[in-house]
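What follows is one structure encoded as structure tokens, with my remarks underneath.
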Amino acid sequence: MEIPDNNLEQVIREIQVHQKELELQNEALQKARSDLESSRDRYYELYERAPVAYLSLDTRGNILEANQAAAELLNEDREKLIQKRFFSYIAQDSRDDFSFHCRQVLDIGTRLRCEVRLKRKIGDIFHAQLETSAVKTDEGEAHLRTAIADISVHKQLESELERRVEKRTAELSKANRELQQQVSFRQEVQDRLESEHAFRKTIEETIPSGLIVVDTEGQIIYVNQAFSKMVGWTPVELIGSRPPYKYWPPEGVEERTRAFLKQLSEVESPYEVERQFMRRDGEVFWGLLFSTRFSNSRGRIIGRLSSIIDITARKKAQEAVKHSEKRLRDLSVKLIQVQEAERKRISQELHDSIGAGLSAIKFSLEKKISEMGERPKEGPVLEDIVTRLQNIIVETQRISRNLHPSILDDLGISAAIRSFCREYQEVYTDIQVHQDVEVDEENLPENIKILLYRLMQESLNNIAKHSGATQVELALKMTETAIDMVVEDNGEGFDLNNIYKNRDHRLGGLGLRGMKERTELSGGSFEVRSAPGAGTKIRAKWHLSPSNP
């Protein structure tokens, strides 16, 4: 069929128009396809390099897709994850929770969260939070897409906060009651909170301890209301400040700043220390500070978390106890001085009164016997009485010396020690006492003289009663800065632990405890070294000031 020329030209034009439209449509399709592929590539790039672990699961729990973060989190090769059951990575005690979570997501059709315990390929178990949603494929199948976050650090922080709360409750009964109420409140809040961050925030703002978080440069990035009330500055006034902080007392602030910045960079483990703080009105108070390194969810150190408790009342109580102990020591020293004074008085009474009276009676009897001439029948009886009187006089003199040796006052400690050792060896002939005494009698304090004598007396008496020793080394040295007394024997020795447990053993006279207490009350130190079969060494030492012995 022939087409007229004019109609043919029209047809050609229409074909050309259609061709142009087709070319434009084709370009649009090509551009759309290119955009779609670019969008897909961007989505794939984001999915693959996302720092959060993502998984796609079918309704039976098989892994369909996994990004690199998921493979690293589970410590598994990515290729081995595909088509593997996700249940194999869930701890046994969390599988029921996960199944229930998946059913809820499929039934409700919304994004839901749950916490489970996952295990890596190497068997390491950690806490994780799952955020799961249900999707439909082009074929109409239901799949689950879940994001996994490792919340082990948060769990550890939560446990750490609870531990510190429990520790503080043991210190203050009032705080204990408040904390118990808030622990119950915190448990109720925990059930309603959708994230662990909100839960931690609630704890930080409700515990009575002051909380401060500083970054690695020392800048304050967080304070809770308890600390704000404690020091009197608002959180807005404190956050952003750097050391030295407003709540540090001005005294020694430069040294404190250097030490604090050094701790920020060097101290890794938690530490506890008592520090002074200052309120806004200038009042200085004592605080117990517990500080530990603070990390983010990825484990990177971002600063230090510190808690502070006001312990001013406790410090005042401690000072009161120290003052009471000092008063008690002073009273004990005075009591010892009174005892020694009373011993001295009784000793003088025995010597001057009873001793003199007995000596007068003995002299009278001896005179009477001499006047009777030839031995009368009463002579032996009277001579026996004289002998007994002499024995009583000797015993009275011994008791008097034991109560207070007059030679100590008259001739000094060196003569008193020699006199005692001479009489000691007359009684205990099988014990040899070697003396090495070098003291400055004029500069030796009087209270130390009698104490040295008592320690020497008690030590030698204990050696005679208990040790079975044959040799004793007695050394007393005095320098410008110290007085040092050592008594050492070669006897049987003993177990120190048993000695201190048994209050009735070897505690005649002063006893080891009494010797130790009296030495320490006078400002000295007392040491006993002994072991079964190795003898015993007793040492008492006092440090002196050259200008004030």
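Remember, predicted model here, so these are calculated numbers, not experimental data.
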So, for K537 and V486, which heavy atoms are closest and what is the spacing to 0.1 Å?
CE-CG1, 3.6 Å
Could you tell me whether the side chain of V528 reaches within less than 4.5 Å of the side chain of F526, counting heavy atoms only?
yes
Identify the two heavy atoms, one from P270 and one from T292, that lie closest to each other, and give their separation to 0.1 Å.
CG-OG1, 3.5 Å
Check the pair L118 / I125 against side chain to side chain contact (heavy atoms under 4.5 Å, CB included), numbers first and verdict last.
CA-CA 6 Å; L118 300 181; I125 294 179; over 6 Å; no
Quick one: does Y245's side chain get under 4.5 Å of L238's, heavy atoms only?
no
Pair Y89, E76: side-chain N/O donor-acceptor within cut-off below 3.5 Å:
yes
Straight-line distance of E162 CD to L157 CG, nearest 0.5 Å
10.0 Å
Over 12 non-hydrogen atoms of neighbours within 6.0 angstrom of CG in D96
no
Ignoring hydrogens and geometry beyond distance, is a side-chain donor-acceptor pair present between S291 and S306 at under 3.5 Å?
yes
I'd like to know if E115 pairs up with K155 as an ion pair, taking the criterion as any Lys NZ or Arg NE/NH1/NH2 lying under 4.0 Å from an Asp or Glu carboxylate oxygen.
yes
Short N-O contact, K84 and D77, less than 4.0 angstrom:
no
Tell me yes or no: between the side chains of E237 and T234, is some donor less than 3.5 Å from an acceptor?
yes
Run the side chain to side chain contact (heavy atoms under 4.5 Å, CB included) check on R293 and L305 step by step: do they pass?
CA-CA 6 Å; R293 280 196 169 186; L305 169 66; over 6 Å; no
Any ion pair linking D124 and K119 (charged N to carboxylate O, less than 4.0 Å)?
no
Is it the case that the ring center of F277 lies less than 6.0 angstrom away from the ring center of W286?
no
Short question: side chain of N490, backbone of A534 - any donor-acceptor pair under 3.5 Å?
no
Walk me through it: do R117 and D97 pass the test salt bridge (charged side-chain N to carboxylate O under 4.0 Å, His left out)?
CA-CA 10 Å; R117 296 201 315 145; D97 295 337; over 6 Å; no
Identify whether NZ of Lys or CZ of Arg in R164 sits under 6.0 Å from the centre of the six-membered ring of F290 and within 45° of that ring's axis.
no
Please report the shortest heavy-atom distance between A66 and I63, naming the atom on each side.
CB-CG2, 4.3 Å
Does the side chain of V105 reach to within under 4.5 Å of the side chain of T110, using non-hydrogen atoms?
no
Is the number of heavy atoms from other residues, nucleotides or ligands within 6.0 Å of NZ (K477) greater than 12?
yes
Kindly compute the distance separating CH2 (W542) from OG1 (T519), expressed to the nearest 0.5 Å.
5.0 Å
F87 atom CZ, over 12 foreign heavy atoms within 6.0 Å
yes
Does the side chain of L288 come within less than 4.5 Å of D310's, by heavy atoms?
no
SB check E254 R256 (cutoff 4.0 Å)
no
What are the two closest non-hydrogen atoms of T479 and L544, and how far apart are they?
O-CD1, 4.4 Å
Between T59 and L106, is any pair of side-chain heavy atoms under 4.5 Å apart?
yes
Could you check whether R163 pairs with E160 (Lys NZ or Arg NE/NH1/NH2 to Asp/Glu carboxylate O, under 4.0 Å)?
yes
Taking the cut-offs as 6.0 angstrom to the six-membered ring centre and 45 degrees off its axis, would you call R120 and F126 a cation-pi pair?
yes
Could you check if a side-chain atom of V214 sits within less than 4.5 angstrom of a side-chain atom of R242, using non-hydrogen atoms only?
no
Check the pair M230 / R279 against side chain to side chain contact (heavy atoms under 4.5 Å, CB included), numbers first and verdict last.
CA-CA 7 Å; M230 190 182 296; R279 308 188 202 278; 4.2 Å; yes
Could you report the tightest heavy-atom contact between S530 and G535, atom names first, then the distance?
OG-O, 3.0 Å
Measuring from atom CD1 of I212 to atom CD1 of I308, what distance do you get when rounded to the nearest 0.5 angstrom?
3.5 Å
Check: T132/H101 side-chain N/O donor and acceptor closer than 3.5 Å:
yes
Go through the steps for Y271 and V273 under the test side chain to side chain contact (heavy atoms under 4.5 Å, CB included), then give the verdict.
CA-CA 7 Å; Y271 65 87; V273 66; 4.0 Å; yes
Backbone N/O of V253 and side chain of T257: donor-acceptor pair under 3.5 Å:
yes
Below 4.0 angstrom, N of the basic side chain to O of the carboxylate: do R78 and E65 qualify?
no
Calculate, to the nearest 0.5 Å, the distance between atoms OG1 and CD1 belonging to T216 and I221 respectively.
9.0 Å
Just wondering, more than 12 heavy atoms not from K229 lying within 6.0 Å of its NZ?
no
Distance from M485 atom CE to I538 atom CD1, nearest 0.5 Å?
9.0 Å
In short, A70 meets L55 closest at the heavy-atom pair CB-CD2, 3.8 Å
Salt-bridge test for D58 and R60: reply yes if a basic N is under 4.0 Å from a carboxylate O, no otherwise.
yes
Closer than 4.0 angstrom, basic N to acidic O: yes or no for E274 and K315?
yes
Between E131 and R113, does at least one N-O distance fall below 4.0 Å, as a salt bridge requires?
yes
